[in-house]
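Written out below as structure tokens is the structure these notes cover.
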Amino acid sequence: MVAGADWRPSASLQALRQRAGWRARLRRFFDQRGVIEVDTPLLAATGVTDPAIDCLQESASGYWLQSSPEYAMKRLIAAGLGDCYQITPAFRAGELGRWHNPEFTLLEWYRLGYSADDLMDELTALTDCLLGPAPIRRYTYQAAFEAAGLPDPLTASIDQLTAAARTRPAACPLPSGTDHRVLLDWLFSQVVAPQLPVRCFVTHYPADQAVLARLDPADSRLAERFELFIGGVEMANGFRELTDARALRERFEADQAVRRARGQPVMAIDERLLAAMTAGMPDCAGVAVGLDRMFARAAGAESIAEVIAFPWTRA
């Protein structure tokens, strides 16, 4: 290919005009509910400790391009701002494909006093606003595994999960030397997700996948975390938020231990977030929506490149 021959956008001009309309519609959605729009830094002193996420680092300052506005928005909430949302670029290394781009657009919002069910109801209204109304089924993580003919994810051993994985044809090979969490992630993405209803919430993830969600007070094996899937693709990840700074530090330190064991860079803990939580973060629920994916579904597109002006390969 001649250098520069791919200068044109990968999305059609019609799709880019539709995208602008969807963004305006989102702002009206939150304006009507009294949720304030905020902006937080794209570059910050720390990334995230989550072993499933690789951050991109700016070389001159050593600051990290943010994989999510979550930490900064929680600092605003702890400072007393109240309900807020943000539409922002976010960045993750090594994620490139039909539904991935290293730079992508996130919609994230937080509601004070909301339960996970309250927030799923509001996310349903937002999804209907963008895609048109349709029922959204709800399955627990455990029920979704069992519906796919897999072992109970809350009680199965590594040997049982490995045996189940080896009997399933999949697009991605089973990683070698996998631990319990990696096995569950692989089985979910390769076996469970493709069998989910067209629109579906998956709720009550195992506690070791709680990330920043609160554990269920009725069953500490479970987290108050949910994800929205449309057509088998993850669209959103939401939590009834953990507000205990001490418990959050323990999770960050556990993440660091996993990274160390896997040979990944050990990311520093965001002490400003922990200080904000120590100062007092109100009870709330929050969710992040992958807007490129949602817009692709709204457009009936086969990939996010059809709704992004210049994806990674043309940036």
Side-chain angles (χ1 to χ4, degrees), residues 49-50 52 70 73-74 77-78 83 108-127 135-158 160-161 164 179-185 187-189 191-193 195-197 199-229 234-255 258 273-274 277-278 280-289:
T49 58
D50 188 339
E70 179 173 8
M73 291 182 74
K74 287 179 176 176
I77 292 168
D83 296 331
E108 185 143 345
W109 82 93
Y110 291 87
R111 292 292 236 158
L112 275 59
Y114 269 37
S115 67
D117 284 329
D118 293 335
L119 196 58
M120 281 189 277
D121 289 343
E122 189 161 67
L123 178 54
T124 297
L126 182 138
T127 302
I136 302 183
R137 301 279 299 276
R138 297 187 184 189
Y139 285 101
T140 66
Y141 189 91
Q142 184 182 33
F145 261 66
E146 291 174 347
L150 293 170
D152 183 343
L154 302 181
T155 59
S157 66
I158 288 180
Q160 289 172 313
L161 295 174
D179 59 29
H180 190 264
R181 185 162 61 178
V182 171
L183 276 167
L184 289 182
D185 282 347
L187 285 166
F188 191 92
S189 64
V191 181
V192 176
Q195 299 185 43
L196 293 173
R199 294 189 192 182
C200 178
F201 284 114
V202 177
T203 68
H204 298 87
Y205 278 68
D208 64 359
Q209 297 183 39
V211 199
L212 271 64
R214 192 178 80 155
L215 296 186
D216 187 339
D219 186 345
S220 61
R221 298 176 305 162
L222 305 173
E224 293 192 71
R225 174 186 173 187
F226 65 85
E227 292 191 333
L228 170 64
F229 290 83
E234 179 198 337
M235 293 286 147
N237 187 14
F239 308 145
R240 175 85 175 273
E241 300 291 345
L242 178 68
T243 58
D244 181 335
R246 181 179 300 177
L248 185 57
R249 180 180 293 281
E250 290 174 356
R251 291 190 192 178
F252 286 159
E253 291 174 348
D255 285 346
V258 171
L273 173 64
L274 292 177
M277 288 208 171
T278 301
M281 182 168 154
D283 181 32
C284 63
V287 61
V289 178

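Side-chain atoms are counted along with the backbone in the values below, which use heavy atoms only and exclude waters and symmetry mates.
- Between Phe226 and Phe201, the ring-plane angle classifies as perpendicular under the 30° and 60° cut-offs.
- A distance-only check finds no donor-acceptor pair linking the side chain of Gln209 to the backbone of Pro206 [under 3.5 Å].
- For the residue pair Asp118/Ser115, the side-chain donor-acceptor check at 3.5 Å is satisfied.
- The local environment of CZ in Arg181 is crowded, with over 12 non-hydrogen atoms from other residues, nucleotides or ligands closer than 6.0 Å.
- Met277 CE to Ile77 CD1: the interatomic distance, rounded to the nearest 0.5 Å, is 9.0 Å.
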Working for side chain to side chain contact (heavy atoms under 4.5 Å, CB included), residues Tyr205 and Asp216: CA-CA 10 Å; Tyr205 278 68; Asp216 187 339; over 6 Å; no

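- In this structure, the separation between OG1 on Thr49 and CG on Asp255 is 3.5 Å, given to the nearest 0.5 Å.
- Remark: Leu150 CG to Gln195 CD distance equals 7.5 Å, nearest 0.5 Å.
- The main-chain N or O of Leu112 is found under 3.5 Å from a side-chain atom of Asp83 such that the two form a donor-acceptor pair.
- Arg138 and Asp121 are joined by a salt bridge, as a carboxylate oxygen and a charged side-chain nitrogen come within less than 4.0 angstrom of each other.
- Taking both residues in full, the closest heavy atoms of Ala245 and Thr278 are given as CB-OG1, 3.4 Å, listed atom of the first, atom of the second, then distance.
- Contact annotation: the side chain of Trp109 approaches that of Leu123 to within less than 4.5 Å [non-hydrogen atoms, C-beta and beyond].
- For the atom pair OG1 of Thr124 and CZ of Arg199, the computed distance is 9.0 Å after rounding to the nearest 0.5 Å.
- Contact check for Leu154 versus Leu222: side-chain heavy atoms found under the 4.5 Å cut-off.
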CA sep, side-chain torsions, deciding dist, call: Glu122, Leu126, side chain to side chain contact (heavy atoms under 4.5 Å, CB included): CA-CA 6 Å; Glu122 189 161 67; Leu126 182 138; 5.9 Å; no

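- Between Val287 and Arg111 there is no side-chain heavy-atom pair separated by less than 4.5 Å.
- Side-chain contact between Tyr141 and Val192: absent, with no pair of heavy atoms (C-beta onward) separated by less than 4.5 Å.
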Trace of the salt bridge (charged side-chain N to carboxylate O under 4.0 Å, His left out) decision for Asp219 with Arg221: CA-CA 5 Å; Asp219 186 345; Arg221 298 176 305 162; 3.0 Å; yes

Full working for side chain to side chain contact (heavy atoms under 4.5 Å, CB included) between Leu248 and Phe252: CA-CA 6 Å; Leu248 185 57; Phe252 286 159; 3.7 Å; yes

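- Note that CG of Asp117 and OG1 of Thr203 are 8.0 Å apart. Values are rounded to the nearest 0.5 Å.
- Leu215 approaches Ala210 most closely through the heavy-atom pair CD2-CB, 4.0 Å.
- The structure places CG of Asn237 at 9.0 Å from CD of Glu108, a figure rounded to the nearest 0.5 Å.
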Worked verdict on Arg251 versus Leu242 for side chain to side chain contact (heavy atoms under 4.5 Å, CB included): CA-CA 11 Å; Arg251 291 190 192 178; Leu242 178 68; 3.7 Å; yes

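- A salt bridge (Lys or Arg N to Asp or Glu O under 4.0 Å) with Glu241 holds for exactly one of Arg214, Arg225, Lys74; it is Lys74.
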